[in-house]
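Read through the structure below, which is laid out as structure tokens, and then see the notes.
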There are 2 protein chains.
Amino acid sequence: MARTRTRDEILAVAAELFYRAGFKGTSLQDIAAEVGCSKATLLYHFDSKEAILAALLAPAARELAELDEQLAGLQGEAARAAAIDGFVDLVLRYRREAGLIYHGSLDVLLTPAFDGVQPMIENLCSAFAARSTDPGEQIAAEVLLAGICSVAIDRPDDVTLRSALIAVAKRALLTPRSKD
Amino acid sequence: MARTRTRDEILAVAAELFYRAGFKGTSLQDIAAEVGCSKATLLYHFDSKEAILAALLAPAARELAELDEQLAGLQGEAARAAAIDGFVDLVLRYRREAGLIYHGSLDVLLTPAFDGVQPMIENLCSAFAARSTDPGEQIAAEVLLAGICSVAIDRPDDVTLRSALIAVAKRALLTPRSKD
DNA sequence: TCACTTCCTGACCGATCGGCCAGCTTCTGA
DNA sequence: TCAGAAGCTGGCCGATCGGTCAGGAAGTGA
């Protein structure tokens with residue numbers, strides 16, 4: 001049973017700073033100053049700066065893995081619809097983490113904390129594209145994935161944002177293309 | 001008349017490294033090593049690391065300003081159509097720079113190099129939304145802007161990519177909404 | 001009370017960072 | 001030919017970085 005809330009505060013502050021200033025652009029001292037403790041305190045609670053990042057991402061990655069599992073058995077439009085709903089909800093629950101993925105530099109993606117995430121994002125993309133191999137559909141899926149992550153951060157109104165995100169995704173991805 | 005191509009090489013290498021590793025994650029020594037010169041050579045050609053970033057962004061920012069001007073007199077669907085075409089073409093011409101905007105950390109946006117860019121992006125967003133103040137339309141516009149920037153980098157095939165980006169943007173943004 | 005655990009910290013470390021500077025080399029045009 | 005400009009560099013600087021460590025304070029339960 002933790003006796004203090006310092007660990008949680010570190011994570012909350014780090015999430016904000018990593019998002020704003022980037023992982024590399026945020027120093028341990030930055031985090032410590034914001035929390036109101038020493039740098040050594042951060043390193044008492046976490047092994048390293050990357051361990052902070054990993055701990056930050058763990059809950060979101062866990063839920064992404066669950067979504068990944070749900071989608072694994074689905075094909076075509078069923079996969080797409082489930083992916084859109086699931087992903088939008090996930091992004092709304094983990095706004096900073098999602099922003100880190102798409103607003104963070106690519107070097108963050110190379111850290112061990114992201115090891116399992118990349119394949120799941122690719123699976124998600126495949127589901128967004130209804131398992132199509134058509135380049136146009138794949139590109140559309142990627143646009144929507146990236147776009148949803150990018151705009152989720154700054155809008156406080158979950159209800160409007162959620163319905164708008166789902167609506168735009170469906171318009172972009174669900175429009176009948178049987179005439180192509 | 002420049003006697004060497006060193007300055008251009010610095011810019012090309014910096015564009016790639018800033019994109020991959022972020023501005024803060026790329027050191028002057030990283031750039032110098034890749035170019036094959038000394039760090040001091042970089043600083044002979046550019047006043048500072050940020051001056052490199054500014055020089056990098058200048059051409060893209062110039063063209064963005066031109067697009068901004070073209071769009072200024074347009075309303076509604078005309079604004080939207082012109083914005084989509086213009087922006088997609090701009091992004092395809094400046095893939096790394098566009099990636100820097102959306103794949104870079106927010107602290108890059110706070111540098112003087114980006115001073116004039118932010119308002120233009122907002123204008124572009126307004127044009128994508130056909131000047132609508134409806135939150136759903138604004139959100140859709142932002143999703144598409146971010147998404148287009150995010151996927152432009154890694155696809156070599158301009159023709160397929162261009163038509164796909166324009167198509168997804170129009171589907172997402174142009175679908176009749178008179179039934180709402 | 002006291003041994004142990006948890007929590008925290010100042011001081012320190014070696015490495016890296018952006019940038020400066022004196023000086024050398026190469027090129028150019030009068 | 002030569003003065004000046006352009007181009008480049010090794011060595012250096014102060015600042016910052018992630019991380020280490022010995023030690024102190026607070027809490028806990030026997």
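Note on naming: letters A, B, ... go to the chains in the order of the sequence lines (proteins, then strands), and numbering restarts at 1 for each one.
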- Task: Return the 5'-most residue of the pair B:Ala40, B:Thr4 with respect to DNA chain D, ranking by each residue's nearest nucleotide.
- Result: B:Thr4

- Message: Using a 3.5 Å distance criterion without hydrogens, assess whether the side chain of A:Ser132 forms a donor-acceptor pair with backbone atoms of A:Glu137.
- Response: no

- Item | Closest to the B:Leu28 side chain, choosing from C:dG19, C:dC8, D:dG19 | C:dG19

- Does a donor on one side chain sit under 3.5 Å from an acceptor on the other, for A:Ser126 and A:Asn123? no

- Message: Using a 6.0 Å cut-off, check whether atom CG of B:Asp8 has over 12 heavy atoms from anything other than its own residue.
- Response: yes

- Verify the neighbour count for atom CD of B:Glu50: are there more than 12 heavy atoms of other residues, nucleotides or ligands below 6.0 Å? yes

- Note on the structure: Taking C:dC8, C:dG10, D:dT9 as options, the one with an atom nearest any side-chain atom of B:Ser38 is D:dT9

- With respect to the phosphate group of D:dG7, does any side-chain polar atom (N or O) of B:Thr6 fall under 4.0 Å of OP1 or OP2? no

- Query: Which nucleotide sits closest to the side chain of B:Cys37: C:dC8, D:dG7, D:dT9?
  - Reply: D:dT9

- For B:Ser27, which contact category applies under a 4.0 Å heavy-atom criterion: base, sugar-phosphate, or nothing? sugar-phosphate

- Message: Between the base of D:dG18 and the side chain of A:Lys39, is one N or O donor paired with an acceptor at under 3.5 angstrom?
- Response: yes

- Distance check: side-chain N/O of A:Tyr44 vs OP1/OP2 of C:dC7, anything under 4.0 Å? yes

